[in-house]
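All chains are named by letter (A, B, ...) in the order of the sequence lines, taking the proteins before the strands, and each is independently numbered beginning at 1. Keep in mind that the numbers below use all heavy atoms, side chains included, and drop hydrogens, waters and symmetry copies.
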Amino acid sequence: MKVLVSVKRVIDYNVKVRVKADNTDVDLANVKMALNPFCEIAVEEAIRLKEAGIASEVVVASIGPKAVQEQLRTALALGADRAIQIECDDLPEPLNVAKLLARVVEAEQPGLTILGKQSIDVDNNQTGQMLAALTGRPQGTFASEVKVEGEKAMVTREVDCGLKTVELVLPAIVTTDLRLNEPRYAKLPDIMKAKRKPLEVKTPADLSVELKQHSRLLKVETPASRQAGIKVDSVDALVDKLKNEAKVI
Amino acid sequence: MSILLIAEHDNQTLNPGTLNALTAAQQIGGDITVLVAGSGCAAVADDAAKAAGVSNVLLADNPVYDKALAENLAALVVEQAAGFSHILAPAGTTGKDLMPRVAALLDVGQISEITAVESADTFKRPIYAGNAIATVQSLDEVKVITVRASAFDAAATEGSSAIVNAITTACDAGTSAFVSEEMAKSDRPDLASARVIISGGRGMGTGENFALLDSVADKLGAAIGASRAAVDAGFVSNDLQVGQTGKIVAPELYIAVGISGAIQHLAGMKESKVIVAINKDEEAPIFQIADYGLVADLFQALPELAEKL
Ligand SMILES: Cc1cc2nc3c(=O)[nH]c(=O)nc-3n(C[C@H](O)[C@H](O)[C@H](O)COP(=O)(O)OP(=O)(O)OC[C@H]3O[C@@H](n4cnc5c(N)ncnc54)[C@H](O)[C@@H]3O)c2cc1C
Ligand SMILES: Nc1ncnc2c1ncn2[C@@H]1O[C@H](COP(=O)(O)O)[C@@H](O)[C@H]1O
């Protein structure tokens, strides 16, 4: 079985973004970029499936400008076999990403396609579900455990009130939650080796997908900041403030 | 305008998040239809029919909708979508699972987790873990939207007497099946709707030590929450995680204990009305957003707090 993993280039999770002075967007100039943490988990899961002899090949895809090749190389260093970049000027909206990925799925026929549950920049949480819809495949979102058993995958999902396990008929789409696994670090020799692994570049036109704009970003603002509070020096003082000043207890 | 609101429920009662999403629907304006899909869920439809501002209720009561499998529900929503300008759902895990599937089937985008309605096609939503607020205009004919419940007041549970219409078609994709669930059981208020929340982080040290939070929570009628680190360490279950990728809460009072205040955690609680932090490190970033900070060892502070409340 082939496993396809879709990875996104995003701002490093440790960086606090700043909004541009003209309020058109956030400022990403000279900001450290990285593999979206949920995508790292997706790559790790695919590699584990390969190590377990369940996956025969791990293909990674990313959509965006040339810079996303950096994240594809990271995935290759972690153990993916080959990569596909779909060249776009920007990072397209989720439905466009899903349409491009649907063509990759059609061509590659992966038994399992793994995505992150959410990109930590725009926090959409959409692409995997959209890809599942467009390919007519079942979806196991927010997965904390994936077990492939023959023609089926048992996926345990993190839901609001606990955990829910579903059985999906393969081929299927899975999106990762934080507790699915703990991703490994790439070793230096593997980083060197990754430079020689195949990386194919395609365009939306090659895949016969026409990108469409579904929304317009009108403004980006800094949220109202909270007034700095005070330190209290004892539990008594805290209880007193909560009772008599904040009046919340 | 005509809005279809997908109810979230457990076949018995309407999940409160649906009432918050109903408020967002009212702000958009127009006729509001609530879709209740489930199995043995007629009581939920009756509740929905009474909720303020609801003009119609569609009840799809069939075993294929029992466990809210997205494959089946999405097909149902798309089947019912004709004529609606907006399709809304609360941004709980059910809505997040379902709505992008609906949007893609309708060939439209989705606006995720709106926190404000600017007009019928323009909404605000936080991005970058809440460090920026985007104003986004939908260009699609049908607007598919999930609503962040904590950003809208709950609509009144009484006020309408809508008619409930039954849908008899059964959409069964046949590609997924429910196997089991492990529901966290707790006598405490739900995190999403609690007036007071006390959350523990890695500083709690062990799962057993969460009992220290329990004794304070008992006094305050509070819900218990946690940081990702506490969940990852196995102190508590995943459903307690507050943050960018967990639950978003905005209670009257949020008490963070042994939590450093990473941006991903703040993203889930910084809209709380009053924030208290208890941490032994006076440099912990959580103090920058806390209204009241207590620099103390939690193992001393919590028992004392429980006693003095
Ligand atoms: C993709 C991604 C998503 C994430 N999503 C979330 C999310 O949704 N929610 C979330 O919470 N995090 C999330 N995180 C993790 C986040 O970055 C932090 O790692 C996490 O919030 C840290 O948890 P913590 O504050 O409990 O632990 P730590 O940062 O380790 O802090 C522990 C604190 O406890 C204090 N302490 C220790 N002992 C005591 C004592 N005896 N008395 C008093 N204080 C004590 C310490 O001083 C310290 O400040 C995410 C991270 C990533 C990469
Ligand atoms: N530009 C992209 N290229 C590749 N994968 C993407 C891209 N955008 C989103 N994804 C995938 O979709 C997941 C969810 O993203 P989102 O729907 O934007 O929150 C990510 O974790 C990726 O796996």
Side-chain angles (χ1 to χ4, degrees), chain A residues 11 13 16-17 19 26 93-95 98 118 120-126 129-130 132-134 137-139 141-142 144 154 158-169 178-179 213-223 226 228-232 235-236 238-239 241-242 246 248-249, chain B residues 69-71 74 92-93 96-97 100-101 103-105 108-112 122 127-140 175-184 220 228 232 237-239 244-245 252-253 263 270 274 276 288-295 301 304-305 308-309:
Chain A
I11 185 169
Y13 80 95
K16 195 171 173 214
V17 289
V19 171
V26 296
E93 292 178 71
L95 185 56
Q118 148 181 5
I120 60 154
D121 49 2
V122 280
D123 286 333
N124 279 324
N125 197 333
Q126 300 176 10
Q129 297 89 313
M130 288 180 161
L134 298 178
R137 297 181 172 194
Q139 65 191 49
T141 53
F142 329 143
S144 64
M154 300 279 266
E158 293 202 359
V159 293
D160 284 339
C161 43
L163 296 169
K164 194 176 197 171
T165 302
V166 291
E167 185 183 81
L168 310 177
V169 178
L178 294 170
R179 279 154 293 267
Q213 191 184 0
H214 295 277
S215 66
R216 192 178 289 144
L217 186 60
L218 300 182
K219 191 165 57 178
V220 175
E221 296 160 293
T222 304
R226 290 187 75 96
I230 56 157
K231 291 242 172 77
V232 291
V235 169
D236 282 319
L238 177 63
V239 172
K241 290 283 184 196
L242 292 177
V248 283
I249 60 171
Chain B
L69 294 170
E71 297 80 3
T93 46
K96 287 177 174 174
D97 186 38
R101 194 167 176 114
L105 292 173
V108 298
Q110 171 179 298
I111 314 261
S112 296
T122 303
I127 52 176
Y128 292 89
N131 286 309
I133 308 293
T135 305
V136 185
Q137 182 182 30
S138 164
L139 305 175
D140 288 315
T175 50
S176 66
F178 169 79
V179 177
S180 62
E181 59 199 349
E182 254 174 70
M183 291 306 181
L220 294 173
R228 172 190 173 183
D232 283 2
S237 57
N238 64 284
D239 53 291
Q244 179 189 15
T245 58
E252 297 262 306
L253 172 61
I263 53 171
K270 69 178 180 181
V274 175
V276 170
Q288 289 163 22
I289 64 143
D291 299 287
Y292 303 109
L294 177 64
V295 180
E304 192 183 337
L305 184 59
K308 292 192 168 146
L309 282 170

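- Looking at Gln118(A), the atoms closer than 4.5 Å to chain B (heavy atoms on both sides) all sit in the side chain, from C-beta outward.
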Step by step, work out the side-chain contact (heavy atoms from CB on, under 4.5 Å) result for Asp232(B) and Arg179(A). CA-CA 7 Å; Asp232(B) 283 2; Arg179(A) 279 154 293 267; 2.7 Å; yes
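- Both the backbone and the side chain of Val159(A) come within less than 4.5 Å of a heavy atom in chain B.
- The most heavy-atom pairs under 4.5 Å with chain A, out of Leu69(B), Ile263(B), Thr122(B), Val108(B), come from Val108(B).
- Within the 4.5 angstrom heavy-atom criterion, atoms from both the backbone and the side chain of Val232(A) approach chain B.
- Heavy atoms of Leu253(B) lying under 4.5 Å from chain A belong exclusively to its side chain.
- With a 4.5 Å cut-off on non-hydrogen atoms, Ala246(A) touches chain B through its backbone and its side chain both.
- Taking chain A as the reference chain and counting heavy-atom pairs below 4.5 Å, the highest number among Leu105(B), Thr245(B), Ile289(B) is found for Thr245(B).
- Of the atoms belonging to Ser180(B), heavy atoms from both backbone and side chain fall under 4.5 Å from chain A.
- Between Gln110(B) and Met130(A), some side-chain heavy-atom pair lies under the 4.5 Å cut-off.
- Ranked by heavy-atom pairs under 4.5 Å with chain A, the list Gln244(B), Met183(B), Gln288(B), Glu181(B) is led by Gln244(B).
- For the pair Thr135(B)/Glu221(A), a side-chain contact is recorded, criterion being any heavy-atom separation below 4.5 Å from C-beta on.
- For Leu218(A), the parts sitting under 4.5 Å from any heavy atom of chain B are the backbone and the side chain alike.
- For Ala74(B), no part lies under 4.5 angstrom from a heavy atom of chain A.
- For chain B, no part of Pro94(A) is nearby; none of its heavy atoms comes within less than 4.5 Å.
- Heavy-atom distances place the side chain of Val239(A), and not its backbone, under 4.5 Å from chain B.
- If you tally non-hydrogen atom pairs under 4.5 Å between each of Ile111(B), Ile133(B), Ile127(B) and chain A, the highest count goes to Ile133(B).
- Between the side chain of Glu93(A) and the backbone N or O of Ser215(A) there is at least one donor-acceptor pair closer than 3.5 Å.
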